[in-house]
Enquirer: 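I am attaching a structure below and will ask some questions about it afterwards.
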Amino acid sequence: MQILRIFDTLTEKEKEIEVSGTIRMYVCGVTVYDESHIGHARTIIVFDTLRRFLESQGRKVQFIQNFTDVDDKIINRAKQENATASDISSKYISHYFDDFDRLNIKRADIHPKATEHINDMINLIKDLIDKGYAYVSKNGVYFSVGKFKEYGKLSKKKIDDLLSGARIEVDETKNDPLDFALWKFSDEEPKWPGPWGDGRPGWHIECSAMSLKYLGENFEIHGGGRDLIFPHHENEIAQSESHTGKQFAKIWMHVGMMTINGEKMSKSLGNIKSVKYVLDHWGPNIIRLFCLSGHYSKPIDYSEELLRENIAKWRQVENCYFELILAEGQGQTDEVQKIISETKKEFDEGLESDFNTPMALSAFFKLVKEINRIAAAEMLTQSISKIVVPEVEKIFETLGLKIPKISEDEKSTITELIRKRNMFREQKQYQEADKIRKQISEIGITLIDHKNRTLWMKQEKIGIES
RNA sequence: GGUGAGGUGGCAGAGCGGCUAUGCGUUCGCCUGCAGAGCGAAUCUAUAGGGGUUCGAAUCCCUUCCUCACCUCCA
């Protein structure tokens, strides 16, 4: 088994993941105040696929992804809609699962919510105060950035530079403009009693508290979108390492932004495409292929033209898969053995070297092409199929791609209908033949006539095409 | 202004010192009752500009230009 190497934002180097034991991953999830967009999906798809890859290699993965369910934006939304914050957050959590289940994202082992970990946060804040890293002020409890000597190490920022950047809000109640809130006093709901007064937690503390709780003080991978490097992850490091005195995550893995017309997709710019919209038009397989078609660390530009390209790719994959499972006859398999081992090698090597999904995909498409070539030459056999199908299915599983399973019943029904149709075709009774084709198409099956046989496929319906 | 990541064929996108991926597209074929898909061939020998280093550079160094992200909430 090879060793996975991932680029670590903190050290700016590729780092190896230790082989032994469970791989613990914490991924920062979304703030649930609105629908998720395709940019969120990209990040989640990357980590979901990484997890699937590790699991496919027989490693145990412990995967935690939080929901930020207390936040100003949620509260504002609640006010607008005359609802409570928890109405809003639970509504969008349920939308989140609707979207991401459709995207074939495996659920995390735990999806902790900030509001269910208030005590963990309070204890952490208490400890930070005790250790002198935090102080109570008029509006809340703040982390004293100056006390954490390594502040800025993740985002490569110098405290002086941060201060000179005039975008920091001036707040006289803080000792230092860079200090950030751990606990914000509040009289309004949502609020919780705290040792320093009623209030609610700051944003960053939840991830420190929950990752420490579920994954311990020093886990393997902490991930999220690039835009979280500063201040969110920087602040998490400050809090967590001040608390434990130990290195926090071993690897910081950050996913590039989804852009649209070259600009970052974000709520505030108003240029988002919701996950639901994109799913309705393109379906999960196309989206996953699209999101994995570039290296995770780089930006990827949303474009319908590029999404459309992936339909063509997916059609080849479908063709390949159905050719395989419908293959008949016997024959030698030496050549195919070689292709398979090359595919596996390139696929795994790609993913092991900083999760190079484009390389892995190219290996996969080479295999698909090759199988389609063999099929077109009428040389596909059952024995080839027996070797290749499990490998293809393993790749589907790793990439989170879904292709319909065909039951034996379904198969024999279809085979029988095709037999009848071909009988009509031989007798040039094309109207009858077309009637059967229509009947077959109504159960979602596409027919493709070859010289001496008819291939059938249960093709995915792509919304944009209809 | 500071920090980071980049600029590769018509498009997307790997490679990161020699073997010049991969996919899409386009053109022409094969197949074919129709249909669709698939296959084959061709097209494209590309690496932002300018200097170096080297027997040899897209890959290393210098320099110029350009793009994006972060420095405020953000996946």
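Atoms considered below: every heavy atom in the structure, side chains included; atoms not considered: hydrogens, waters and symmetry mates. Sequence lines set the chain letters: A, B, ... in the order given, protein chains first and strands last, and positions in each chain run from 1.
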Enquirer: Would you tabulate the nitrogen or oxygen pairs shorter than 3.5 Å linking the protein to nucleotides 39-46 of chain B?
Expert:
none

Enquirer: Would you indicate which nucleotide in B/A75, B/A14, B/A37 comes nearest to any side-chain atom of A/H450?
Expert: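 Closest nucleotide to the A/H450 side chain: B/A37.
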Enquirer: Under the rule for side-chain hydrogen bond (donor to acceptor under 3.5 Å, both in side chains), what residues qualify as partners of A/D69, not counting sequence neighbours?
Expert: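 Checked A/D69 against side-chain hydrogen bond (donor to acceptor under 3.5 Å, both in side chains); matches are A/T115.
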Enquirer: For RNA chain B, write out the stems as range with range, using runs of 3 or more consecutive Watson-Crick or G-U pairs with both distances under 3.5 Å.
Expert: B:1-7 with B:65-71, B:10-12 with B:22-24, B:25-30 with B:38-43, B:48-52 with B:60-64
Enquirer: Below the 4.0 Å mark, does B/A75 have OP1 or OP2 next to a side-chain nitrogen or oxygen of A/K264?
Expert: no
Enquirer: Quick test of your reading: applying ring-ring contact (aromatic ring centres under 6.0 Å, His included), list the pairs with at least one residue in residues 255-293 of chain A, sequence neighbours left out, ordered by first then second residue.
Expert: A/Y277-A/H281
Enquirer: Relative to the ring of A/H222, is the ring of A/H233 parallel (under 30°), tilted (30 to 60°) or perpendicular (over 60°)?
Expert: perpendicular
Enquirer: Rounding to an integer number of Å, can you tell me how far A/W456 CH2 sits from B/A35 P?
Expert: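 Nearest whole value for this atom pair: 24 Å.
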Enquirer: Look at all strands and tell whether A/D449 reaches a base, only sugar-phosphate, or nothing, counting heavy atoms closer than 4.0 Å.
Expert: base
Enquirer: Please give, in whole Å, the distance from B/G25 P to A/R315 CZ?
Expert: 13 Å
Enquirer: Any donor-acceptor pair, under 3.5 Å, between the side chain of A/R308 and the base of B/G23, if you only look at N and O atoms?
Expert: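 No pair found.
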Enquirer: Give me the residues of residues 37-53 of chain A where at least one heavy atom lies under 4.0 Å from an atom of RNA chain B, by number, or none.
Expert: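 Those residues whose heavy atoms fall under 4.0 Å from RNA chain B, taken from residues 37-53 of chain A in numerical order, are A/H37, A/G39, A/H40, A/T43.
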Enquirer: Name the nucleic acid region contacted by A/Y430, choosing base, sugar-phosphate or nothing; use a 4.0 angstrom heavy-atom cut-off, strictly under.
Expert: base
Enquirer: To the nearest Å, how far apart are A/K73 NZ and B/C73 P?
Expert: 9 Å
Enquirer: Whole angstrom is fine here: how far is it from CZ in A/F347 over to P in B/A21?
Expert: 21 Å
Enquirer: What is the distance from CD of A/E12 to C1' of B/A5, rounded to the nearest Å?
Expert: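 That distance rounds to 10 Å.
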Enquirer: Near RNA chain B, under 4.0 Å by heavy atom, which residues of residues 293-300 of chain A?
Expert: A/S293, A/G294, A/H295, A/K298
Enquirer: Rounded to whole angstrom units, what separation is found between the CD1 atom of A/I105 and the P atom of B/A75?
Expert: 15 Å
Enquirer: Below 30° counts as parallel, above 60° as perpendicular, anything between as tilted: where do the rings of A/F100 and A/Y96 land?
Expert: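 The rings of A/F100 and A/Y96 lie parallel, inter-plane angle below 30°.
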Enquirer: Looking at every non-hydrogen atom in both residues, tell me the closest pair between A/I105 and A/I44 and how far apart they are.
Expert: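 Scanning both residues, the minimum pair turns out to be CG2-CG2, 3.7 Å.
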Enquirer: Say we look at B/G10 and B/A5: how far apart would their C1' atoms be, to the nearest angstrom?
Expert: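 Straight-line distance between the two C1' atoms is 26 Å.
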Enquirer: Return the nearest nucleotide to the side chain of A/L162; candidates are B/C71, B/A75, B/G33.
Expert: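 Side chain of A/L162 sits closest to B/C71.
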Enquirer: Send over the distance from A/K313 NZ to B/G25 C1', rounded to a whole Å.
Expert: 12 Å
